[in-house]
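To keep things clear, I will list the structure first and then write my remarks on it.
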Amino acid sequence: MSTPTTTGSSAVHATETGRPVSPATYALVAQFLAHEARLLDEGSDDEWLDLLDDDLLYTVPVRQAMLPQTDEVNRDAWRIRDTKAHVVTRVRRGDQGHAYSEVPPSRALRVVGSVEVAHTDVDDVVAVHSALLVYRQRGIDVHFDLIPARRNDLLRLLPDGPRLLRREVVLTETTLKTPNLGVFL
């Protein structure tokens, strides 16, 4: 699978080789995903931003129900397509109380599982596939959202720890029941 990543300043083209990684690399990636989920759940935005590569591309493509399952995901149309600068802007808007879809802020719990990690043809980049279930509740509302998704990530492995380079979130639902995607998936 080819997973090109392009932002305004540079491009990383990584093709998944399918070759499994060492147990140590797998553990490092699984720990990264768990740590990232906890930081997001706890609202530790600045610490989470530190986990993002400067060349981040974060996308949520549109899924269409009337097509065969193999063709449902339209990677030319997005619900979200953000670079790191966009993500930082979203976080800062929330810090200033200007993200009105998150007033009151969501309380969320992210469960990450079914983690697969493989080498790519770029030495310091691994491909990561995972399943995600997000529980989200706001204010004193008794209503809650469950947002199921599959994630296709590229992680850059640096000496001081992994950085999220690319994230594609493929939502299971074609019609969102949640009122907004104000939380990161």
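Nothing here was measured: the structure is a model prediction, and the numbers come from that model. Computed from heavy atoms alone, side chains included, the values below leave out hydrogens, waters and symmetry copies.
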Let me confirm one number: the CD-CZ distance from E168 to R75, rounded to the nearest 0.5 Å.
4.0 Å
Under 30°, 30 to 60°, or over 60°: which ring-plane class applies to F184 and Y58, parallel, tilted or perpendicular?
perpendicular
Quick check against the 3.5 Å criterion: does T17 have a side-chain atom that pairs as donor or acceptor with the backbone of R19?
yes
Tell me, do V183 and L40 make a side-chain contact under 4.5 Å, heavy atoms counted?
no
Nearest 0.5 Å, what's the CZ-CZ distance between R110 and R136?
9.5 Å
Find the distance between CZ (R151) and CG (L132) and round it off to the nearest 0.5 Å.
4.5 Å
Check for me, please, whether V60 and V73 land in the same ILVMFWY cluster - side-chain distances under 4.5 Å, paths through other members count.
no
For a side-chain contact (heavy atoms from CB on, under 4.5 Å) check, start with the C-alpha distance between R90 and I80, then their side-chain angles and the critical distance, and finish with the verdict.
CA-CA 12 Å; R90 286 176 60 190; I80 298 171; 3.9 Å; yes
Gap separating the NZ atom of K84 from the OG1 atom of T89, nearest 0.5 angstrom:
12.0 Å
Kindly work out whether a path of hydrophobic side-chain contacts (I/L/V/M/F/W/Y, heavy atoms less than 4.5 Å apart) joins V169 to V62.
no
Does a sphere of radius 6.0 Å around CG in D71 hold more than 12 heavy atoms from other residues, nucleotides or ligands, not counting ones at 6.0 Å or beyond?
yes
Got a donor-acceptor contact below 3.5 angstrom from the R163 side chain to the G161 backbone?
yes
Once you round to the nearest 0.5 Å, how far does CG of L57 lie from CZ of R167?
12.0 Å
Quick one: do L155 and V170 end up in the same hydrophobic cluster if we chain Ile, Leu, Val, Met, Phe, Trp and Tyr together by side-chain heavy atoms under 4.5 Å apart?
no
side-chain contact (heavy atoms from CB on, under 4.5 Å) evaluation trace for H35 with L51:
CA-CA 10 Å; H35 180 65; L51 300 179; 4.0 Å; yes
Atom pair CZ (R138) and NE2 (H143), whose distance is rounded to the nearest 0.5 Å
10.0 Å
With side chains defined as the heavy atoms from C-beta onward, is the minimum distance between E16 and E116 less than 4.5 Å?
no
Same hydrophobic cluster for L28 and V117, using side-chain heavy-atom links shorter than 4.5 Å among ILVMFWY?
yes
From V87, D53, L56, L154, residue fulfilling side-chain contact (heavy atoms from CB on, under 4.5 Å) relative to L164:
L56
Assigning hydrophobic clusters by single linkage (Ile, Leu, Val, Met, Phe, Trp, Tyr; side-chain heavy-atom cutoff under 4.5 Å), is Y135 placed with L39?
no
